[in-house]
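Just below is one structure, and these are the notes that go with it.
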Amino acid sequence: MTGSAQRDGNQEQLEIFRALPGELAPRDAQDLMAYPFFSLSKTHRVAPIDFHAGVISIRVEATAEHGMATIWDADVLIWAASQIVEARDAGLPTSRLVVATPYEILNFVQRGTSARDYTRLKAALDRLQSTTVATSIRQVTGRRLHRFSWVNEWKERADAHGRAQGLELILPDWFYAGVLDEALVLTIDPAYFSLTGGIERWLYRLVRKHAGRQADGWRFDFRHLYAKSGSLAAFSSFAFDVRSIAGRQRLPGYHLTVEPAGRGTEVLHFRRAVRPPIQQLVRELSRSKTIGEKL
């Protein structure tokens with residue numbers, strides 16, 4: 001769904017892409033799932049993220065006014081990716097210039113839709129716009145960096161009488177190109193939005209990216225996980241959180257196990273959870289119903 005053209009800061013002609021209605025499967029960009037791009041805490045963060053691994057280089061910087069974009073703010077990008085992929089797969093034109101109502105975004109990411117939630121959404125957009133990223137990912141040579149903000153610009157729309165007409169935001173080329181590449185996007189479980197902890201959310205995205213549908217899953221030692229998280233917490237606190245998450249088994253669709261690796265080190269082993277056969281689910285439902293009737 002496109003409309004009249006707009007121009008961004010680079011004077012590029014952009015058609016308006018209006019958000020699609022209805023239920024959409026949530027999609028996430030694999031690059032954002034695999035590397036540290038966001039603060040994992042709701043505490044105001046201005047300390048940069050510096051990550052280097054082989055040819056991969058990432059630096060994320062924040063302003064003192066707004067702080068760094070958080071992993072909860074990244075829900076807006078999951079919504080945007082889901083919209084673009086849905087339109088692409090349906091053969092509809094897409095654009096970096098996206099128009100939607102706050103309700104459409106908040107409802108998709110399973111937030112409330114009150115005035116307070118709307119205010120929080122605007123604060124999230126401010127952090128996404130003011131946070132800057134420089135990365136070598138998907139560059140021809142690792143010595144060259146692509147620099148951008150998660151949202152180039154955004155504004156509230158209104159008609160000639162001042163009545164609210166939703167939001168308008170422009171996505172960066174780097175993010176948009178990755179979303180259009182079918183190989184660089186994964187569907188995630190809608191239950192992701194119910195995860196409340198920053199490390200818990202980050203870990204789900206990492207697990208979904210690396211474990212996929214491999215029978216034996218994947219393993220990372222705790223030090224490697226810590227480096228990939230970009231967390232400001234002490235390593236001991238981070239390790240405690242990961243053990244707690246593994247103990248609760250709340251990551252939708254995956255089973256986590258902490259395994260000793262010698263010399264006092266630990267490894268997180270994650271693999272797809274085995275779902276019980278339909279016959280077992282029926283028996284459990286029947287049993288629950290019987291117990292309820294007895295009560």
Side-chain angles (χ1 to χ4, degrees), residues 1-10 12-29 32 37-38 66 69-131 148-181 184-190 192-194 201:
M1 297 183 181
T2 57
S4 59
Q6 300 284 327
R7 291 180 182 273
D8 70 358
N10 296 322
E12 176 188 356
Q13 197 79 4
L14 296 173
E15 293 294 325
I16 293 176
F17 170 66
R18 299 187 184 277
L20 301 175
E23 297 290 329
L24 278 66
R27 277 91 164 197
D28 205 351
L32 275 61
F37 282 109
F38 302 99
H66 298 294
T70 71
I71 198 160
W72 294 272
D73 300 338
D75 286 357
V76 174
L77 300 177
I78 294 176
W79 167 81
S82 306
Q83 285 283 337
I84 293 166
V85 171
E86 189 76 14
R88 181 203 66 194
D89 291 349
L92 300 173
T94 63
S95 171
R96 295 193 296 115
L97 175 59
V98 185
V99 171
T101 64
Y103 175 85
E104 289 172 317
I105 301 174
L106 292 169
N107 185 59
F108 179 85
V109 301
Q110 300 178 23
R111 307 278 179 87
T113 54
S114 66
R116 185 180 181 185
D117 295 303
Y118 182 23
T119 299
R120 288 175 173 171
L121 174 60
K122 291 193 289 185
L125 289 169
D126 282 339
R127 285 188 293 272
L128 289 166
Q129 183 183 14
S130 61
T131 298
F148 58 90
S149 295
W150 293 117
V151 171
N152 281 9
E153 58 182 88
W154 76 275
K155 68 178 182 180
E156 297 175 88
R157 291 163 58 91
D159 64 17
H161 302 286
R163 290 186 290 263
Q165 296 289 304
L167 300 172
E168 177 181 300
L169 58 94
I170 299 178
L171 301 168
D173 279 324
W174 185 89
F175 174 78
Y176 183 67
V179 169
L180 286 179
D181 188 332
L184 297 179
V185 177
L186 289 175
T187 300
I188 64 173
D189 196 308
Y192 165 79
F193 296 116
S194 68
R201 281 173 154 246

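Closest approach of Y176 and I84 over heavy atoms only: CD1-CD1, 3.7 Å. Contact between Y118 and L167 at its shortest, heavy atoms only, is OH-CD2, 3.9 Å. Heavy atoms only, all atoms of each residue included: L180 and R88 are closest at O-NH1, 3.1 Å. In plain terms, the two heavy atoms of A69 and T131 that are nearest each other are N-OG1, 2.8 Å. Closest of all the heavy-atom pairs between D189 and P26 is C-CG, 4.4 Å.
At distances below 3.5 Å, at least one donor-acceptor pair connects side-chain atoms of S95 with backbone N or O atoms of E15. Side-chain atoms of S82 never come within 3.5 Å of backbone atoms of L24 as a donor-acceptor pair (strictly under, hydrogens ignored). At distances below 3.5 Å, at least one donor-acceptor pair connects side-chain atoms of Q110 with backbone N or O atoms of P190.
In this structure the side chain of D28 never reaches within 4.5 angstrom of the side chain of L186, judged on heavy atoms. Contact check for Q83 versus V98: no side-chain heavy atoms found under the 4.5 Å cut-off. Taking the side chain as every heavy atom from C-beta outward, L32 and F38 approach each other to under 4.5 Å. Side-chain contact check for F37 versus I71: every heavy-atom pair is 4.5 Å or farther apart. Considering only heavy atoms from C-beta on, W72 stays 4.5 Å or farther from R120 through its side chain. Side-chain contact between V76 and L125 is present, with at least one heavy-atom pair separated by less than 4.5 Å. The shortest side-chain heavy-atom distance between D173 and F148 does not fall under the 4.5 Å cut-off. In this structure, N152 and F175 have side chains that are not in contact, with every pair of non-hydrogen atoms separated by 4.5 Å or more.
Summarising the geometry, atom CH2 belonging to W154 is positioned 13.0 Å from atom CD1 belonging to I170; distances are rounded to the nearest 0.5 Å. The CD atom of E104 sits 9.0 Å away from the CG atom of L20 when rounded to the nearest 0.5 Å. Rounded to the nearest 0.5 angstrom, I16 CD1 and E168 CD are separated by 5.5 Å. Of the inter-residue distances, the one linking I78 atom CD1 with F108 atom CZ reads 7.5 Å to the nearest 0.5 angstrom. Rounding to the nearest 0.5 Å places CG of L77 at 16.0 Å from CZ of R27. Taking CG of L121 as the reference point, atom OG1 of T113 lies at 11.5 Å (rounded to 0.5 Å).
Geometrically, R201 engages Y192 in a cation-pi contact, judged by NZ or CZ lying under 6.0 Å from the ring centre and within 45° of the ring axis.
A salt bridge is absent between R111 and D117: the closest approach of a Lys/Arg side-chain nitrogen to an acidic carboxylate oxygen does not fall below 4.0 angstrom.
Considering D73, L169, L171 as possible partners of L128, the one that fulfils the side-chain contact (heavy atoms from CB on, under 4.5 Å) test is D73.
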